[in-house]
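Following: one structure in structure tokens, then a few remarks.
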Amino acid sequence: MSQNVEIVREVMALVRRTGTGEPEPRLFELLAPEVKLDMSRRTFNPDVYERHDGLRRFKRERDEVWEEFLVTPERMVDAGESVVVIESLRGRGRGSGVETRSRSASVWTMRDGQVIHMATYRDPQEALDAVGLKG
């Protein structure tokens with residue numbers, strides 16, 4: 001398994017493990033200071049989060065909307081400087097209690113051992129296409 005895949009796996013585990021409160025310091029070591037999290041394609045609360053402060057804002061917003069939210073990687077594809085993650089999502093709305101399940105993907109772009117960009121996609125094939133791979 002490539003170093004980039006291992007870094008993305010660790011970042012996803014750290015995000016999953018972080019409940020309410022400040023993200024673990026290790027997460028900020030793995031995300032470049034100029035990181036950009038492009039979640040503009042997601043169905044609920046589309047937005048773009050920039051830098052480490054953006055990560056903190058994303059986490060606050062996620063915790064306000066979702067009582068429980070779990071992203072489970074199904075498959076990780078090494079695409080050179082990028083990693084495509086095909087993932088299943090499960091959430092339960094805070095207040096409403098409504099449960100949702102879906103499947104999506106994300107593309108993580110790396111530089112010098114850190115994530116510099118992450119983009120979400122509703123359709124896994126779109127994410128694979130974005131890095132020039134076939135499903």
Side-chain angles (χ1 to χ4, degrees):
M1 193 164 304
S2 78
Q3 178 186 10
N4 288 346
V5 170
E6 287 301 322
I7 290 168
V8 170
R9 186 181 307 283
E10 185 176 358
V11 167
M12 291 184 79
L14 287 166
V15 169
R16 187 178 316 115
R17 196 167 53 227
T18 302
T20 58
E22 180 72 9
E24 295 183 36
R26 175 70 176 145
L27 188 56
F28 296 114
E29 294 172 15
L30 296 172
L31 300 177
E34 70 276 13
V35 68
K36 182 176 181 179
L37 307 173
D38 181 353
M39 299 182 183
S40 61
R41 292 178 196 88
R42 68 184 177 185
T43 303
F44 296 106
N45 307 321
D47 208 340
V48 176
Y49 303 89
E50 297 187 59
R51 310 184 69 75
H52 290 172
D53 284 342
L55 173 67
R56 289 181 179 98
R57 182 171 65 88
F58 160 71
K59 191 181 160 332
R60 278 193 312 273
E61 291 174 3
R62 181 197 66 189
D63 294 345
E64 288 171 4
V65 173
W66 299 102
E67 180 177 331
E68 178 182 293
F69 195 82
L70 182 63
V71 178
T72 304
E74 294 177 2
R75 180 174 152 211
M76 293 189 168
V77 181
D78 187 345
E81 70 176 20
S82 296
V83 175
V84 178
V85 181
I86 312 294
E87 52 209 21
S88 60
L89 310 171
R90 183 173 54 88
R92 184 172 55 245
R94 187 171 298 288
S96 70
V98 172
E99 291 194 18
T100 181
R101 292 178 186 269
S102 63
R103 191 166 185 250
S104 66
S106 53
V107 174
W108 301 71
T109 305
M110 314 297 289
R111 184 179 63 219
D112 299 327
Q114 290 183 307
V115 175
I116 60 168
H117 188 264
M118 189 279 296
T120 59
Y121 293 83
R122 289 184 194 159
D123 178 358
Q125 187 58 54
E126 286 180 284
L128 293 166
D129 290 345
V131 298
L133 296 175
K134 301 231 184 252

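For the numbers below, each heavy atom of this structure counts, side chains included, while hydrogens, waters and symmetry mates do not. If you read the sequence from its start, that first residue is 1, and numbering goes on from there.
Residues Val131 and Ser82 share a closest heavy-atom pair of CG1-CB, 3.9 Å. In terms of heavy-atom proximity, Gly113 sits nearest to Ile7 at O-CD1, 3.3 Å. Here the shortest heavy-atom pairing between Ala105 and Ala127 reads CB-CB, 3.5 Å. Minimum heavy-atom separation, Pro23 to Lys59: CG-CD, 3.7 Å. Heavy atoms only, all atoms of each residue included: Gly54 and Tyr49 are closest at O-CD2, 3.4 Å. For Arg41 against Ala119, the heavy-atom pair with the smallest separation is NH1-CB, 3.8 Å.
Screening Val11, Val83, Leu27, Thr109 against Val115 for a side chain to side chain contact (heavy atoms under 4.5 Å, CB included) leaves a single residue, Val11. Asp47 pairs in a salt bridge (Lys or Arg N to Asp or Glu O under 4.0 Å) with only one of the listed residues (Arg60, Arg62, Arg42, Arg57), which is Arg57. Each of Arg94, Arg92, Arg90 was evaluated against Glu67; a single residue qualifies, Arg92, per the salt bridge (Lys or Arg N to Asp or Glu O under 4.0 Å) test.
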Could you walk me through whether Leu55 and Leu37 pass the side-chain contact (heavy atoms from CB on, under 4.5 Å) check? CA-CA 8 Å; Leu55 173 67; Leu37 307 173; 4.0 Å; yes
In sequence, state the C-alpha distance, the side-chain angles, and the governing distance for Val8 and Met76, and then conclude on side-chain contact (heavy atoms from CB on, under 4.5 Å). CA-CA 9 Å; Val8 170; Met76 293 189 168; 4.2 Å; yes
Could you walk me through whether Gln114 and Leu31 pass the side-chain contact (heavy atoms from CB on, under 4.5 Å) check? CA-CA 5 Å; Gln114 290 183 307; Leu31 300 177; over 6 Å; no
Starting from the C-alpha separation in whole Å, work towards a yes-or-no answer on salt bridge (charged side-chain N to carboxylate O under 4.0 Å, His left out) for Arg26 and Glu10. CA-CA 9 Å; Arg26 175 70 176 145; Glu10 185 176 358; 2.8 Å; yes
Passes side-chain contact (heavy atoms from CB on, under 4.5 Å), Glu87 versus Arg75? Steps please. CA-CA 7 Å; Glu87 52 209 21; Arg75 180 174 152 211; over 6 Å; no
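Phe58 and Val48 are assigned to two separate hydrophobic clusters, defined by single-linkage of ILVMFWY side chains at heavy-atom distances under 4.5 Å. Hydrophobic clustering (side-chain heavy atoms under 4.5 Å, transitive across Ile, Leu, Val, Met, Phe, Trp, Tyr) keeps Ile116 apart from Val85.
The number of heavy-atom neighbours closer than 6.0 Å to CD of Gln3, taken from other residues, nucleotides and ligands shown, is 12 or below.
Under the ring pair (Phe, Tyr, Trp, His ring centres under 6.0 Å) criterion, Phe69 pairs with Trp66, not counting sequence neighbours.
The aromatic rings of His52 and Phe28 sit tilted relative to each other, their planes meeting at an angle between 30° and 60°.
With respect to Arg103 and Glu74, a salt bridge is recorded, a charged nitrogen being found less than 4.0 Å from a carboxylate O.
For the atom pair His117 NE2 and Ser106 OG, the distance stands at 11.5 Å (nearest 0.5 Å). Leu133 CG to Gln125 CD: the interatomic distance, rounded to the nearest 0.5 Å, is 9.0 Å. Note: Met110 CE to Asp78 CG = 10.0 Å, rounded to the nearest 0.5 Å. Between atom CE of residue Met39 and atom CE of residue Met118 there is a gap of 3.5 Å, rounded to the nearest 0.5 Å.
Arg16 places a side-chain heavy atom less than 4.5 Å from the side chain of Leu70.
Each salt bridge (Lys or Arg N to Asp or Glu O under 4.0 Å) pair with one or both residues in residues 104-123, not counting sequence neighbours, appears once here: Glu34-Arg111.
Between the side chains of Ser40 and Asp38, at least one donor N or O sits under 3.5 Å from an acceptor N or O.
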